[in-house]
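The next block holds one structure in the form of structure tokens; read it before the comments.
Lettering of chains follows the sequences in order, A, B, ..., and the numbering in each one begins at 1. Computed from a predicted model, the values in this text were never measured in an experiment.
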Amino acid sequence: MSGATRLPRAWFAHHALEVAPALVGVLLERTAPDGTLLRARITETEAYTEDDPACHAHRRRTPRNEPLFGPPGHAYVYRTYGIHWCLNVATGPDGEAQGVLVRAAEPLAGLAVLRARRGQRTPDRDLLRGPGRLTQALEVHGEHTGADLCGQDPPVVLRDDGARPAVARGPRVGVSRAADWPWRFTAVGSRFVSPYTRSPRAPRAAEGSAAGEQPS
DNA sequence: GTTGCGATTGGCT
DNA sequence: GCCAATCGCAACC
């Protein structure tokens with residue numbers, strides 16, 4: 001993997017709907033405290049923007065969602081359900097709230113470390129399949145929010161090794177608002193992708209009415 | 001100051 | 001398939 005190049009900040013300066021599918025297939029690297037290199041290939045992402053009711057920055061700018069408004073290439077890590085951390089990368093121009101949630105990845109290196117953190121009996125398939133599992137295995141947490149992933153010594157490194165998997169598009173997982181917007185991107189045929197689940201709180205799509213607005 | 005709830009997961013029926 | 005766990009945030013009083 002020595003030919004893999006780090007993604008420059010400009011790579012993230014585009015709209016979340018462009019960056020999200022492009023991130024599928026990108027390498028995610030993190031160095032464990034003992035020096036072990038942890039490497040995975042992203043298999044699933046979701047896009048979020050300020051205009052999007054499901055986005056944390058939809059209502060207003062707050063200390064919590066500040067990284068989403070900041071310059072692209074920075075991490076936005078938040079806690080959900082009081083238990084899990086979720087990793088996003090800010091995209092779009094500085095001042096505009098956009099981001100891409102990294103939902104799942106296929107583990108490639110450092111499996112023993114990942115397994116130690118996730119449970120020795122965890123199947124390889126489940127090591128990084130899901131946003132909460134991924135952050136647990138990679139030890140990404142709240143202290144990393146705001147970190148510049150394109151800067152020096154970032155907690156997580158993103159690289160392009162030229163892989164260009166086919167990408168499918170569909171509705172996002174678990175969101176209660178804008179549940180039908182097809183802003184989730186997955187690697188076609190990958191086993192390391194979470195199954196689609198609709199939020200129990202999401203209103204059922206109104207059939208044949210104008211209520212079901214779905215931006216492209 | 002209080003309350004309701006979520007971009008999830010894992011365990012149990 | 002159903003449901004509890006668990007807590008920071010933001011809406012509301």
Side-chain angles (χ1 to χ4, degrees), chain A residues 12 15-17 19-21 23-24 28 40 42-70 74-92 97-105 107 114-146 149 156 168-186 191-205 214-215:
Chain A
F12 297 96
H15 193 276
L17 279 176
V19 178
L23 264 180
V24 175
L28 195 57
I42 296 173
T43 57
E44 179 180 355
T45 62
E46 285 179 354
Y48 290 87
T49 70
E50 201 167 350
D51 302 326
D52 165 14
C55 181
H56 288 172
H58 179 59
R59 299 209 172 240
R60 67 166 120 264
R61 189 168 184 157
T62 68
R64 177 209 193 190
N65 62 35
E66 181 61 28
L68 287 174
F69 286 87
H74 287 246
Y76 166 53
V77 184
Y78 70 91
R79 212 204 227 324
T80 189
Y81 291 95
I83 309 170
H84 309 288
W85 296 103
C86 291
L87 169 66
N88 297 249
V89 184
T91 69
Q98 294 183 10
V100 175
L101 169 67
V102 180
R103 286 192 54 89
L114 301 178
R115 209 173 287 122
R117 295 171 176 176
R118 291 268 307 127
Q120 290 297 340
R121 298 196 296 180
T122 305
D124 291 356
R125 187 188 186 203
D126 293 337
L127 253 19
L128 305 170
R129 190 178 56 144
R133 294 166 167 177
L134 184 145
T135 54
Q136 183 192 11
L138 262 29
E139 286 191 345
V140 169
H141 47 81
E143 287 178 22
H144 297 124
T145 199
L149 302 185
V156 171
R169 182 176 183 171
R172 292 175 293 193
V173 174
V175 295
S176 61
R177 291 179 289 183
D180 300 306
W181 294 17
W183 286 19
R184 175 185 180 231
F185 301 88
T186 56
R191 300 165 46 245
F192 301 86
V193 167
S194 54
Y196 168 68
T197 49
R198 186 184 182 83
S199 167
R201 300 181 192 282
R204 168 110 163 77
Q214 289 188 12

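Rounded to a whole Å, the CZ atom of R172(A) is 11 Å from the P atom of dT8(B). Taking atom CD of Q98(A) as the reference point, atom P of dA7(B) lies 19 Å away to the nearest angstrom. Per the geometry, NE2 belonging to H141(A) stands 15 Å off P belonging to dG8(C), to the nearest Å. Taking atom OH of residue Y81(A) and atom C1' of nucleotide dC3(C), one finds them 12 Å apart after rounding to whole Å. At whole-Å resolution of the value, CD in E66(A) and C1' in dA10(C) are 16 Å apart. Rounding to whole angstrom units, CZ of residue R60(A) and P of dC9(C) are separated by 14 Å. One interatomic measurement links the two molecules: CZ of R177(A) to P of dA10(C), which rounds to 12 Å at whole-angstrom precision.
Distance from the side chain of H84(A) is smallest for dT9(B) among the nucleotides dG8(C), dT9(B), dA7(B). Across dT9(B), dA11(C), dA7(B), the shortest atom-to-atom separation from the side chain of N88(A) is found for dA7(B). Listed nucleotides dA5(C), dA7(B), dC7(C) differ in distance to I83(A); the shortest reach to its side chain belongs to dA5(C). Taking every side-chain heavy atom of Y48(A) into account, dA7(B) is the closest of dC9(C), dA7(B), dT9(B). Distance from the side chain of R79(A) is smallest to dC7(C) among dA10(C), dC7(C), dT9(B). Nearest to the side-chain atoms of Y76(A) among the listed nucleotides dA7(B), dC9(C), dT8(B) stands dA7(B). The side chain of R59(A) lies closest to dA11(C) when the candidates are dA11(C), dA5(C), dC9(C).
One donor-acceptor pair, N or O on each side, does fall under 3.5 Å between the base of dA7(B) and the side chain of Y78(A).
Side-chain nitrogen and oxygen atoms of H56(A) include at least one within less than 4.0 Å of the OP1 or OP2 phosphate oxygen of dA7(B). Contact annotation: S176(A) does not reach the phosphate of dC5(B) (side-chain N/O to OP1 or OP2, under 4.0 Å).
Heavy atoms of S199(A) sit nowhere under 4.0 angstrom from any nucleic acid atom. Residue R118(A) is classed as a sugar-phosphate contact, given heavy-atom separations below 4.0 Å to backbone atoms only. Residue contacts for R64(A): at a heavy-atom cut-off of 4.0 Å it reaches the sugar-phosphate backbone alone, with no base atom in range.
Across all strands shown, nothing is found opposite dA7(B) as a Watson-Crick or G-U wobble partner with both distances under 3.5 Å.
Judged by distance alone, the side chain of R118(A) and the main-chain N or O of D124(A) form no donor-acceptor pair under 3.5 Å. Proximity of a side-chain donor or acceptor of Q98(A) to a complementary backbone N or O of A16(A) within less than 3.5 Å is detected. In this structure a side-chain-to-backbone donor-acceptor pair under 3.5 Å is present from E46(A) to V173(A). With hydrogens and angles ignored, the 3.5 Å screen pairs a side-chain donor or acceptor of R198(A) with a backbone N or O of P203(A).
For V175(A) and R133(A), each mapped to the nucleotide of DNA chain B holding its nearest heavy atom, the one lying further toward the 5' end belongs to V175(A).
Straight-line distance between the C1' atoms of dC5(B) and dC3(C): roughly 16 Å, to the nearest whole Å.
Between V140(A) and the options T135(A), T145(A), L28(A), L134(A), a side-chain contact (heavy atoms from CB on, under 4.5 Å) holds for only T135(A).
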Take R117(A) and Q136(A) through the side chain to side chain donor-acceptor pair (under 3.5 Å) test and state the conclusion after the steps. CA-CA 7 Å; R117(A) 295 171 176 176; Q136(A) 183 192 11; over 6 Å; no

